[in-house]
Amino acid sequence: FIIRLITHKRNPKDHHQLTLLFLALLLLALFLFILISVAMQAGIYHLNSPIFHLLQTLRSHEVNAFFVVVTVLGNKYLLTAIYLLVLLFLAIRKQWYVVWHLAAILIASFGAVWVIKHLVFSPRPTGFVYVDPTSSFPSGHSTLSLSLLGFLAFLMARCIATKWRWIPYTITYLLIA
């Protein structure tokens with residue numbers, strides 16, 4: 001059943017689907033490992049504080065200003081507005097298949113973040129003027145940015161020649177990282 005599901009119908013010798021399935025399973029296992037570590041406050045969870053304090057030593061006015069801009073760009077309200085504008089643009093162009101996929105990604109991203117934040121509580125670092133009392137894991141900024149930019153990179157890559165498809169993916173990676 002699974003082999004039939006992941007087999008490319010037009011080219012059965014194409015194994016990209018199988019490679020993507022293995023990659024997705026590997027990333028799922030990695031995410032579950034991190035989720036369990038955060039939930040049990042064990043394993044890599046104990047790296048939070050040392051990494052936080054290391055990054056605090058690298059602070060400067062310029063770095064702070066840069067990360068304030070990055071944080072604002074990852075704001076859930078701004079990202080939701082961008083999602084809705086992209087959905088509207090695609091709907092005007094009558095790209096219904098793409099609209100439904102992007103809407104599903106938006107709902108799944110919001111839903112996954114909401115469910116996990118309510119199942120697993122990971123306190124935010126202290127030492128700031130204001131510390132948001134909500135869970136820090138998973139990051140809503142990162143999840144929504146990754147899903148939106150990743151989908152847009154995929155759409156752009158479909159429109160250009162195969163040898164240049166690495167460009168939108170690289171730009172997206174750099175923006176997210």
Side-chain angles (χ1 to χ4, degrees), residues 1-8 14-56 58 67 70-80 82-84 86-87 98-126 128 131-158 165-177:
F1 169 73
I2 294 176
I3 297 299
R4 278 188 285 135
L5 186 65
I6 63 171
T7 300
H8 193 286
D14 183 4
H15 299 291
H16 287 97
Q17 305 285 69
L18 184 61
T19 304
L20 288 175
L21 176 66
F22 284 133
L23 180 61
L25 290 174
L26 177 67
L27 292 174
L28 176 64
L30 179 62
F31 176 76
L32 289 174
F33 171 73
I34 294 170
L35 178 67
I36 292 168
S37 291
V38 169
M40 298 177 64
Q41 296 185 353
I44 63 169
Y45 178 82
H46 297 293
L47 294 176
N48 274 351
S49 186
I51 291 173
F52 173 73
H53 291 294
L54 171 69
L55 293 175
Q56 289 299 307
L58 304 175
F67 282 108
V70 169
T71 300
V72 169
L73 289 176
N75 179 288
K76 67 181 173 184
Y77 300 112
L78 178 62
L79 286 172
T80 302
I82 293 170
Y83 265 107
L84 294 175
V86 171
L87 284 169
V98 179
V99 166
W100 290 116
H101 276 82
L102 184 57
I105 287 172
L106 173 64
I107 292 166
S109 297
F110 266 118
V113 168
W114 186 84
V115 167
I116 294 170
K117 279 186 181 275
H118 283 81
L119 290 176
V120 177
F121 182 77
S122 175
R124 296 181 184 272
T126 58
F128 295 106
V131 177
D132 193 346
T134 61
S135 179
S136 67
F137 179 81
S139 169
H141 288 80
S142 299
T143 304
L144 295 174
S145 298
L146 174 68
S147 59
L148 176 64
L149 293 175
F151 190 78
L152 292 176
F154 174 75
L155 289 179
M156 286 185 265
R158 288 179 48 201
R165 289 186 179 174
W166 62 272
I167 295 172
Y169 294 122
T170 303
I171 292 170
T172 299
Y173 170 77
L174 292 173
L175 286 172
I176 293 170

Report the C-alpha separation of I116 and F31 in whole Å, then their side-chain angles, then the decisive distance to 0.1 Å, and conclude whether the side chain to side chain contact (heavy atoms under 4.5 Å, CB included) test is met. CA-CA 12 Å; I116 294 170; F31 176 76; 3.5 Å; yes

Taking the side chain as everything from C-beta on, heavy atoms only, tell me whether I44 gets closer than 4.5 Å to F33.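 Heavy-atom side-chain distance check passes, below 4.5 Å.
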
Inter-residue atom distance [X].[atom1] - [Y].[atom2], 0.5 Å rounding:
{"X": "L144", "Y": "T80", "atom1": "CG", "atom2": "OG1", "value": "6.5 Å"}
{"X": "W100", "Y": "I107", "atom1": "CH2", "atom2": "CD1", "value": "8.5 Å"}
{"X": "I82", "Y": "Y77", "atom1": "CD1", "atom2": "OH", "value": "15.0 Å"}
{"X": "F121", "Y": "F137", "atom1": "CZ", "atom2": "CZ", "value": "13.5 Å"}
{"X": "L149", "Y": "L73", "atom1": "CG", "atom2": "CG", "value": "9.5 Å"}
{"X": "L106", "Y": "L148", "atom1": "CG", "atom2": "CG", "value": "9.0 Å"}

Where do [X] and [Y] come nearest, in terms of heavy atoms and distance?
{"X": "L87", "Y": "V99", "result": "CD2-O, 3.4 Å"}
{"X": "H141", "Y": "N75", "result": "CD2-N, 3.7 Å"}
{"X": "R165", "Y": "A157", "result": "NE-O, 2.9 Å"}
{"X": "S147", "Y": "S109", "result": "OG-OG, 3.1 Å"}
{"X": "Q41", "Y": "H46", "result": "O-NE2, 3.2 Å"}
{"X": "T172", "Y": "A153", "result": "OG1-CB, 3.1 Å"}

Would F110 and T143 count as a side chain to side chain contact (heavy atoms under 4.5 Å, CB included) if you check the C-alpha gap in whole Å, the side-chain angles of each, and the deciding distance to 0.1 Å? CA-CA 8 Å; F110 266 118; T143 304; over 6 Å; no

